[in-house]
Amino acid sequence: SDSWTCGSFFGSSGTRALAKSEFRKSGGKGSRLMNWDVFFFNVTYTEDTTGPTISNPRTNETAIVQNEYFCLYITVTDPSGVNVVSAEVWNTASWENYTMTETGGSCSGGFGDGVYGVAIQGTSIGLWNYSKVYANDSLGNTNFLDFADLTINVTSTPNAVKNTLRFSF
């Protein structure tokens with residue numbers, strides 16, 4: 001169930017309210033009891049049932065040499081906060097999930113900008129495909145983006161090239 005609290009509704013930094021009334025005694029002795037319901041207010045609350053918005057998948061490389069790193073990026077936003085973002089990547093043999101972060105590092109943009117990323121080492125020779133992202137918000141709502149593959153071609157480490165100079169006299 002959802003709960004809502006308003007700790008400083010009438011506090012010095014919160015919303016202020018003023019209740020004004022007027023009472024005139026029309027004679028007689030004694031006291032009279034008067035009641036006012038001045039604390040009634042209506043709160044409209046819309047429950048967040050929508051998963052995060054996911055957009056703009058991209059990579060920093062399209063070809064690398066084996067054992068080098070490439071970065072994957074995605075933009076994820078949600079009004080209630082993003083909890084987990086993961087990329088689904090084909091590593092030439094199987095699909096693998098990589099957790100993406102928004103730490104402001106070299107593979108994630110600036111902290112707080114909604115750009116999530118992950119650095120992946122291309123350990124296997126062949127085509128690596130980045131094609132799906134999953135995201136959860138802080139309330140447990142989920143979403144995913146299935147997009148056309150972004151491919152990174154991982155090639156073998158080049159052999160040292162021997163240069164032979166031939167001289168003729």
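Quick caveat, the model's predicted, so the values are computed rather than measured.
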field: Shortest non-hydrogen contact from Ala87 toward Tyr130
entry: CB-CE1, 3.6 Å
task: Measure from the side-chain N and O atoms of Asn136 to the backbone N and O of Asn83, and report whether any donor-acceptor pair falls under 3.5 Å.
output: no
- prompt: Quick one: are Ile152 and Ile64 in side-chain contact, heavy atoms under 4.5 Å?
  reply: yes
- prompt: Between Tyr116 and Ile120, is there a shared hydrophobic cluster once you connect ILVMFWY residues whose side-chain heavy atoms come closer than 4.5 Å?
  reply: yes
field: Closest non-hydrogen atom pair, Glu96 against Asn91
entry: OE1-ND2, 3.0 Å
Sub-4.5 Å side-chain heavy-atom contact between Asp149 and Trp90: no
- prompt: Sub-3.5 Å donor-acceptor pair from the side chain of Asn143 to the main-chain atoms of Pro52, do we have one?
  reply: yes
- prompt: Is it true that the side chains of Asn97 and Ser86 contain a donor and an acceptor less than 3.5 Å apart?
  reply: no
field: Closest approach of Trp128 to Gly122 (non-hydrogen atoms, all atoms of both residues)
entry: CZ2-CA, 3.8 Å
field: Exam field: side chain Gln121 to backbone Asn67, donor-acceptor pair closer than 3.5 Å
entry: yes
- request: Evaluate the criterion side-chain contact (heavy atoms from CB on, under 4.5 Å) for residue pair Asn129 and Glu88; output intermediate values, then yes/no.
  value: CA-CA 9 Å; Asn129 294 308; Glu88 188 174 88; over 6 Å; no
field: Whether Asp48 side chain and Leu139 backbone form a donor-acceptor pair below 3.5 Å
entry: no
- prompt: For Leu150 and Thr59, which heavy atoms make the closest approach, and how far apart are they?
  reply: CD1-N, 4.2 Å
- prompt: Is there side-chain contact between Phe70 and Asn60, with at least one heavy-atom pair below 4.5 Å?
  reply: yes
message: The test is side-chain contact (heavy atoms from CB on, under 4.5 Å); show your working for Ile125 and Thr92 and say whether it passes.
response: CA-CA 7 Å; Ile125 296 170; Thr92 75; over 6 Å; no
query: Judged by atom type as modelled, is there a donor-acceptor pair below 3.5 Å linking the side chain of Asp78 to the main-chain atoms of Val82?
result: no
- prompt: Does NZ or CZ of Lys132 fall inside the cone over Phe147's six-membered ring, less than 6.0 Å from its centre and within 45° of the axis?
  reply: no
message: Let me check something: do Val133 and Val84 share a hydrophobic cluster, defined by ILVMFWY side-chain heavy atoms less than 4.5 Å apart, either directly or through other members?
response: no
Heavy-atom side-chain proximity of Val85 to Thr99 below 4.5 angstrom: no
query: Considering all heavy atoms of both residues, which atom of Gly51 and which atom of Asp137 are nearest to each other, and what is their separation?
result: CA-OD2, 4.4 Å
- request: Of all the heavy-atom pairs spanning Cys71 and Ser106, show the shortest one and how long it is.
  value: SG-O, 4.4 Å
- prompt: Out of curiosity, does Val115 fall in the hydrophobic cluster containing Ile54 (side-chain heavy atoms, cut-off under 4.5 Å, transitive links)?
  reply: no
query: Distance-only, no hydrogens or angles: does the Tyr134 side chain make a donor-acceptor pair with backbone N or O of Leu145 under 3.5 Å?
result: no
query: Are Val154 and Val89 connected in the hydrophobic side-chain network, where two residues link if heavy atoms are under 4.5 Å apart?
result: yes
- prompt: Short question: side chain of Gln66, backbone of Ser156 - any donor-acceptor pair under 3.5 Å?
  reply: no
query: Do the non-hydrogen side-chain atoms of Val76 and Thr53 ever get within less than 4.5 Å of each other?
result: no
field: Sidechain-backbone polar pair: Glu102 side chain, Asp113 backbone, donor-acceptor under 3.5 Å
entry: yes
task: Report yes if some heavy atom in the side chain of Leu127 is under 4.5 Å from a heavy atom in the side chain of Asn153; otherwise report no.
output: yes
